[in-house]
Amino acid sequence: MSKAFDVVVIGAGPGGYIAAIRAAQLGFNTACIDEWKNEKGGPAPGGTCTNVGCIPSKALLQSSENFDQAGHHFADHGIGLSNLSIDVSKMLGRKNTVVKQNNDGILYLFKKNKVTFFHGRASFVKAGEGGYEIALAGNTPDTLTATHVIVATGSNPRVLPGADFDEASILSNDGALRIPAVPKTLGVIGSGVIGLEMGSVWRRLGADVTVLEALPTFLGAVDEQIAKEAHKAFTKQGLKIHLDVKISAVTSATTGVSVAYTDAAGEEQTLACEKLIVSIGRVPNTNGLNAQAVGLKLDERGFVVVDADCRTNLPNVWAVGDVVRGPMLAHKAEEEGAAVAERIAGQHPHVDFNTVPWVIYTSPEIAWVGQTEQQLKSVGRAYKAGTFPFMANGRARALGDTTGMVKMLADAKTDEILGVHIVGPYASELIAEAVVAMEFKASSEDIARICHAHPSLSEATKEAALAVDKRALNF
Ligand code: FAD
Ligand code: NAI
């Protein structure tokens with residue numbers, strides 16, 4: 001049995017579910033298919049982001065931050081606690097509840113917007129006159145035909161050769177989010193976003209965490225000054241970060257994992273740890289999609305090849321999110337999903353990668369948008385820089401968190417804001433002002449002249465803007 005739709009979206013992660021909702025809002029008869037299963041085998045839409053990514057990691061970051069605050073900072077406020085403890089299974093249960101609320105929220109949104117949802121694996125069968133035929137495993141109907149197809153199949157963790165994930169001792173993001181008890185020792189391979197966020201969670205709860213990173217620079221994509229400040233803060237917290245290492249072997253035994261590596265000085269070293277998280281990037285996922293049946297073009301790394309508007313090599317087949325080029329971020333996937341639906345409807349949306357914000361939800365948080373100082377230097381662009389430390393911000397002092405700074409980079413001639421980089425409290429929220437400013441092509445003077453509430457952390461952004469013109473008032 002087959003059923004026809006105007007738009008069929010494969011994958012209900014942030015790219016896919018947003019594309020489906022937007023397509024339905026625009027009047028298309030839309031279906032969305034997703035194969036993710038919850039513990040009971042039922043549907044769990046939301047993809048990596050909701051199930052084993054953004055949402056559960058932020059739930060655990062919050063729980064562990066609360067524990068860290070209670071253990072190390074409440075006393076500064078005169079709050080005494082004795083016998084502080086962490087119930088890991090309760091913490092994981094709370095995280096699971098948060099995930100389920102998000103799964104259910106997406107199912108509700110599908111209903112509200114009249115998106116037909118199918119639970120199961122979708123694969124291309126053929127392209128015919130009536131559109132694309134898509135097989136739907138385990139469903140009635142067992143095939144759909146679609147005028148337009150949006151591929152939003154996401155990504156999977158990259159495997160380190162010789163260190164397959166068993167999710168018991170060698171963990172991907174999935175296992176890292178459900179370690180049943182705080183390990184005494186935790187190894188992390190890769191000091192990228194996942195390594196730092198998950199390493200922070202388990203360190204705050206008491207694990208002795210060692211991070212092994214192949215590159216000689218820490219957070220190479222981040223503005224150097226900001227990365228340096230973050231490195232200082234993480235090291236002070238007790239995260240052991242070893243850069244410029246070469247992993248030679250990973251051996252797993254019942255007692256734990258042993259990692260043999262060469263350090264920056266060329267010395268052979270061994271790290272013995274109870275659990276090991278491997279977070280060395282992610283790879284596009286087209287498993288089971290049967291892309292070859294219709295001739296959907298993938299590149300040599302497995303990404304679906306798309307143009308700037310997310311068009312694939314096939315007419316009326318689009319692809320968005322982690323499965324295509326560009327940053328692997330949920331909000332980037334969402335923007336592309338909505339934009340594709342609007343393009344199908346004949347509209348002309350635009351997604352600007354230069355104003356996609358990045359956030360690393362460690363403590364301090366790191367957030368940025370636009371160009372780093374090293375990028376501007378490398379292209380020879382003349383710029384002015386202004387920084388303002390949270391140390392000089394009244395609200396940060398009241399919060400008891402004065403780590404870090406706001407840094408603004410502006411064109412030397414036109415004063416247009418080229419990049420904003422923040423390390424410090426609530427950087428994830430503060431960065432939104434910078435994104436708005438850059439989208440509106442604001443100058444640093446525009447921000448400097450805007451009244452910001454006092455006392456607020458956002459005053460640090462205003463002061464960084466004033467500092468671009470060397471006229472900070474509070475530092
Ligand atoms: P996905 O979310 O991966 O969704 C793809 C969906 O497609 C999945 O549900 C999958 O089951 C389904 N699927 C695949 N193939 C088929 C098929 N053939 N048939 C049916 N269904 C199929 N990003 C942020 O912006 N902020 C964060 O804080 C953040 N934190 C993260 C933390 C971790 C630990 C990880 C791993 C990632 C994090 N990310 C974060 C990245 C973010 O999760 C991804 O960028 C985002 O999920 C990509 O969305 P997507 O829709 O492209 O793919
Ligand atoms: P990543 O690309 O952020 O970091 C991977 C790190 O591993 C890099 O520093 C790399 O140099 C290092 N590495 C690679 N091979 C190595 C090896 N053999 N030995 C040692 N180090 C090695 O990738 P990560 O952390 O796996 O996350 C994947 C993606 O998920 C991120 O890039 C991001 O797009 C997304 N994500 C976003 C989050 C957020 O927005 N807050 C949170 C978590 C993930």
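Whatever order the structure lists ligands and atoms in, that order sets their numbers, starting from 1.
Nearest residue to atom 42 (C) of ligand 1 from A135, A44, C54 is C54 (criterion: closest heavy atom). The residue from S172, G53, C49 that puts a heavy atom closest to atom 43 (O) of ligand 1 is C49. For atom 18 (N) of ligand 1, the nearest non-hydrogen atom from the set G321, A319, G288, A122 belongs to A122. Across the listed options I194, I189, V188, I194 owns the non-hydrogen atom lying nearest to atom 27 (O) of ligand 2. Remark: among candidates I277, V283, I280, the nearest residue to atom 17 (C) of ligand 2 is I280, based on non-hydrogen atoms. Which of R158, H331, E213, H242 comes nearest to atom 8 (C) of ligand 2 through a heavy atom is settled by distance: it is E213. Nearest-heavy-atom check against atom 4 (O) of ligand 2 across G192, A214, A367, G220 picks out G192.
For ligand 1, the polar-atom distance check finds an N/O of T48 within less than 3.5 Å of one of the ligand's N/O atoms. The shortest N/O to N/O separation between R282 and ligand 2 does not fall below 3.5 Å. In terms of N/O distances under 3.5 Å, ligand 1 is approached by D34. Note: an N/O pair closer than 3.5 Å links L329 and ligand 1 by distance alone. No N or O atom of N173 sits closer than 3.5 Å to an N or O atom of ligand 1. Taking distance alone, with nitrogen or oxygen atoms compared against 3.5 Å, K58 approaches ligand 1 more closely than that limit. In terms of polar-atom proximity, defined here as any N/O pair under 3.5 Å, L160 makes no such contact with ligand 2. Residue Y361 has no N or O atom closer than 3.5 Å to an N or O atom of ligand 1. Backbone and side-chain nitrogen or oxygen atoms of G15 are examined, and one is located within less than 3.5 angstrom of a nitrogen or oxygen of ligand 1. Taking only nitrogen or oxygen atoms, main chain and side chain alike, G11 does not reach within less than 3.5 Å of ligand 1.
Remark: ligand 2 atoms within the under-4.0 Å shell around heavy atoms of V359 are 39 (C), 40 (O), 41 (N). Shown in contact with Y361 at under 4.0 Å from a heavy atom are these atoms of ligand 2, numbered in order with element: 41 (N).
Between the side chains of N290 and S123, no donor-acceptor pair of N or O atoms lies under 3.5 Å.
Of the protein's non-hydrogen atoms, the one nearest atom 41 (C) of ligand 1 is M328 O, 3.6 Å. For atom 2 (O) of ligand 2, the closest non-hydrogen atom of the protein is G281 CA, 4.2 Å. Looking only at heavy atoms of the protein, atom 7 (O) of ligand 2 is closest to G190 CA, 3.3 Å. Nearest protein heavy-atom contact of atom 3 (O) of ligand 2 is V193 N, 3.1 Å.
At a 4.0 Å heavy-atom cut-off, ligand 2 touches L212 through the backbone alone.
Considering only heavy atoms from C-beta on, V420 stays 4.5 Å or farther from W368 through its side chain.
Contact annotation: N51 has no heavy atom less than 4.0 Å from any atom of ligand 1.
The 12-atom threshold is exceeded at CD of Q25, counting heavy atoms of other residues, nucleotides or ligands nearer than 6.0 Å.
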